[in-house]
Amino acid sequence: MILILGGTTEGRRAVRVCEEAGKPYYYSTKSDSQGISLVHGIRLTGGMDAEEMLLFCRQQGIRLIIDADHPFAEQLHQHIATASGTLAIPVIRYERTFPERTEDLLYFNTYDEIISYLKKKRIENSLVLFGANTIIRLKPYWQDHPCIFRILDRNESRETAHQAGLPAEAIIYYHPEEKERAVFERINPSVIITKESGESRDFIQKVQAAKALRIPVLVIGKPELPPSFSTVYGEYGLRKETEKLLPGFFPLRTGYTTGSCATAATKAALLRLLSGDTPAEVTITLPNKEQINIPVATVFSKDGTGYATVIKDSGDDPDVTNGLAICASVRLLATEKGIRIKGRAGIGTVTLPGLGLEPGAPAINPVSQQMIRQEVTAILDCYRDFLPGQREHTGVEVVIFVPEGERLLRKHLILN
């Protein structure tokens with residue numbers, strides 16, 4: 001039995017994944033305001049503290065907890081950590097994707113830090129986009145300084161604001177159809193204060209609108225999660241981690257594509273070459289922007305070339321490449337530009353047009369090649385100071401090969 005703590009976009013996605021199993025599970029939210037349809041799931045509302053969660057997990061035989069609540073639900077994360085730690089129940093954290101931090105935003109670790117900054121700089125007329133639950137956290141600031149809070153237009157949020165003592169004139173309501181820029185122009189704040197709440201809460205749109213109007217943005221950074229949680233960033237990763245931690249919940253296991261394995265091997269080989277590290281697993285980004293972790297079997301370097309191997313796991317899909325070693329070698333080209341992807345043993349060669357590849361090219365499909373290029377480019381940017389010559393003049397040669405693939409070549413002509 002699985003317990004999902006949700007109420008967010010990630011909660012909906014966790015439900016979608018668990019529904020695929022066709023087995024019962026629990027979906028718990030603090031309130032009943034989220035409209036969601038469950039076929040096999042059992043809806044719970046009202047929230048739980050650590051003791052209530054502990055009792056519920058014991059009574060219902062919970063064997064896996066999925067934390068898909070808001071990143072700033074710090075108290076809930078701690079309740080989950082307490083209950084799961086006491087009962088030795090594994091926890092999967094379904095995390096949202098966060099934009100990369102930029103130097104033009106001011107980040108703070110705590111509410112006290114941001115209050116201190118606002119007071120020190122004597123900032124008035126702030127627009128706070130935190131929502132109702134954090135009104136009380138900024139009271140030491142707004143009770144003495146002009147401040148506007150944008151909250152959801154619902155009774156629960158209004159009651160929270162009222163209990164905190166926030167004046168009605170300090171409240172505006174969130175309306176999805178209203179553009180961020182229009183709101184900012186109407187309020188004309190000195191600064192905008194928001195949370196590092198990820199792309200699913202329109203963080204990027206808020207920042208872009210503020211930048212266009214030259215309004216400074218102050219950001220409360222997301223809190224750290226308990227170290228015992230396993231983190232995933234999408235539905236595929238959630239399903240894979242659930243299969244690992246709760247075998248048998250899904251009738252069939254999912255696997256990795258050969259292209260994903262080749263991408264992971266390439267990344268591990270290049271990391272070995274540039275950093276000397278020997279990663280046991282690497283994180284790659286899928287075409288849908290989801291990040292997943294793939295285990296690496298072997299990594300080493302020799303004579304200026306990095307090598308890595310990933311063992312193909314196709315799950316319960318009857319793939320002829322299941323169990324094969326997908327290998328990559330990577331070397332830097334100090335006098336050449338660009339990323340060259342080649343195929344060797346076990347990788348076919350395109351002989352006719354029609355596959356989206358030029359005849360004579362390795363039979364590695366365009367999507368897989370794009371994934372490889374994306375990971376290589378990201379690593380080169382990260383290690384630019386360690387590259388021979390200038391970054392723009394450093395090329396990379398990637399060779400993909402499958403040592404045992406020759407005998408299967410006629411059955412599996414293109415790397416997918």
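- Contact check for R13 versus L238: no side-chain heavy atoms found under the 4.5 Å cut-off.
- Every side-chain hydrogen bond (donor to acceptor under 3.5 Å, both in side chains) that E185 has, sequence neighbours left out, goes to R181.
- By the 4.0 Å N-to-carboxylate-O rule, R186 lies close enough to E178 to be salt-bridged with it.
- Q370 places none of its side-chain heavy atoms less than 4.5 Å from the side chain of P287.
- Here the shortest heavy-atom pairing between I400 and A328 reads CD1-CB, 3.8 Å.
- No donor-acceptor pair under 3.5 Å is formed between the side chain of K30 and the backbone N or O of G7.
- The side-chain hydrogen bond (donor to acceptor under 3.5 Å, both in side chains) test applied to Y27 returns Q34, not counting sequence neighbours.
- The CZ atom of F203 lies 13.5 Å from the OG1 atom of T97; values are rounded to the nearest 0.5 Å.
- Annotation for S126 and P189: closest pair C-CB, 4.4 Å, computed over non-hydrogen atoms.
- For E397, the side-chain hydrogen bond (donor to acceptor under 3.5 Å, both in side chains) test picks out R331, K342, with sequence neighbours left out.
- Rounded to the nearest 0.5 Å, atoms CD1 (I123) and CG (L218) are 6.0 Å apart.
- Considering only residues two or more places apart in sequence or on other chains, R239 meets the side-chain contact (heavy atoms from CB on, under 4.5 Å) condition with V17, E20, E243, F250, T254.
- Put simply, the side chain of E95 reaches to within 4.5 Å of the side chain of L225, judged on heavy atoms.
- What you find for I192 and A210 is that their closest heavy atoms are CD1-CB, 3.8 Å.
- Taking both residues in full, the closest heavy atoms of L3 and C57 are given as CD2-SG, 4.2 Å, listed atom of the first, atom of the second, then distance.
- Between the side chain of D277 and the backbone N or O of P279 there is no donor-acceptor pair closer than 3.5 Å.
- The environment of H162 atom NE2 is sparse: at most 12 non-hydrogen atoms of other residues, nucleotides or ligands sit within 6.0 angstrom.
- Considering every non-hydrogen atom in both A269 and A308, the closest pair reads N-CB, 3.6 Å.
- Using a distance-only test at 3.5 Å, with no hydrogens or angles considered, no donor-acceptor pair links the side chain of D69 to the main chain of L5.
- Proximity of F130 to L138: side-chain heavy atoms (C-beta onward) are separated by under 4.5 Å at one or more points.
- Here the side chains of L127 and I172 are in contact, with some heavy-atom distance below 4.5 Å.
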- Message: side-chain contact (heavy atoms from CB on, under 4.5 Å) for R43 and T29? Distances and angles first, verdict last.
- Response: CA-CA 8 Å; R43 182 72 181 268; T29 58; 3.1 Å; yes

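- Proximity of I66 to C18: side-chain heavy atoms (C-beta onward) are separated by under 4.5 Å at one or more points.
- Under a 3.5 Å cut-off, the side chain of E375 and the backbone N or O of I284 do not form any donor-acceptor pair.
- Ring planes of H145 and Y141: parallel class, angle under 30° (limits at 30 and 60°).
- Once rounded to the nearest 0.5 Å, the distance linking OG of S260 with CG of D313 reads 11.5 Å.
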- Item | Steps toward side-chain contact (heavy atoms from CB on, under 4.5 Å) verdict (Y233, F98) | CA-CA 10 Å; Y233 294 91; F98 292 87; 5.7 Å; no

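- Side-chain contact of Q78 with E74: a donor-acceptor pair under 3.5 Å is absent, judged by distance alone.
- For the atom pair I151 CD1 and T134 OG1, the distance stands at 10.5 Å (nearest 0.5 Å).
- Side chain of H77 to main chain of H70: a donor-acceptor pair is present (N/O by atom type, distance under 3.5 Å, no hydrogens or angles).
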- Message: One pair to check against ring pair (Phe, Tyr, Trp, His ring centres under 6.0 Å): F56 and Y26. What are the steps and the verdict?
- Response: CA-CA 11 Å; F56 179 84; Y26 290 98; 4.9 Å; yes

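- Without hydrogens or angle criteria, E19 side chain to L38 main chain gives no donor-acceptor distance under 3.5 Å.
- Taking all atoms of both residues into account, the shortest heavy-atom contact from E169 to I148 is O-CD1, 3.6 Å.
- Checked against E235 for a salt bridge (Lys or Arg N to Asp or Glu O under 4.0 Å), the options R16, R12, K289, K240 give a single hit: R16.
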- Task: I would like to know whether I4 and Y94 meet side-chain contact (heavy atoms from CB on, under 4.5 Å); could you show each step before the answer?
- Result: CA-CA 10 Å; I4 304 173; Y94 193 142; over 6 Å; no

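- Looking only at distances, a side-chain donor or acceptor of W142 sits under 3.5 Å from a matching main-chain atom of I135.
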Under 3.5 Å, side-chain donor or acceptor atoms of residues 291-305 against the rest of the protein: list the pairs with distances, not counting sequence neighbours.
residue	atom	partner	partner atom	Å
N293	OD1	T283	OG1	2.5
T298	OG1	T309	OG1	3.1
S301	OG	R272	NE	3.3

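- With hydrogens and angles ignored, the 3.5 Å screen pairs no side-chain donor or acceptor of S157 with any backbone N or O of D153.
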- Message: I'd like to know whether F229 forms a side-chain contact (heavy atoms from CB on, under 4.5 Å) with I80, so could you lay out the CA-CA distance, the side-chain angles of the two residues, the decisive distance to 0.1 Å, and finally the verdict.
- Response: CA-CA 10 Å; F229 291 13; I80 295 172; 3.7 Å; yes

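- Proximity of R373 to I341: side-chain heavy atoms (C-beta onward) are separated by under 4.5 Å at one or more points.
- Side-chain N or O atoms of E52 include one that pairs as donor or acceptor with a backbone N or O of D49 at under 3.5 Å.
- For the atom pair CZ (R158) and CD1 (I171), the distance works out to 9.0 Å, reported to the nearest 0.5 Å.
- For E177, the CD atom is densely surrounded, since the number of other residues' heavy atoms within 6.0 Å is greater than 12.
- To the nearest 0.5 Å, atoms CG (L87) and CZ (R63) are separated by 13.5 Å.
- When side chains are defined from C-beta on, P90 does not count as touching S230, because their heavy atoms never get closer than 4.5 Å.
- You'll find the ring centres of Y25 and F249 outside the 6.0 Å limit.
- By the neighbour-count criterion of 12 heavy atoms within 6.0 Å, atom CZ of R101 is densely surrounded, having more than that number from other residues, nucleotides or ligands.
- Within a 6.0 Å radius of CD in E281, more than 12 heavy atoms belonging to other residues, nucleotides or ligands are found.
- Remark: the backbone N or O of G11 is paired with a side-chain donor or acceptor of T8 at under 3.5 angstrom.
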Which donor-acceptor pairs under 3.5 Å do the side chains of residues 105-120 make with protein atoms, sequence neighbours left out?
residue	atom	partner	partner atom	Å
T110	OG1	E113	N	3.1
E113	OE1	N109	N	3.0
K119	NZ	P140	O	3.2

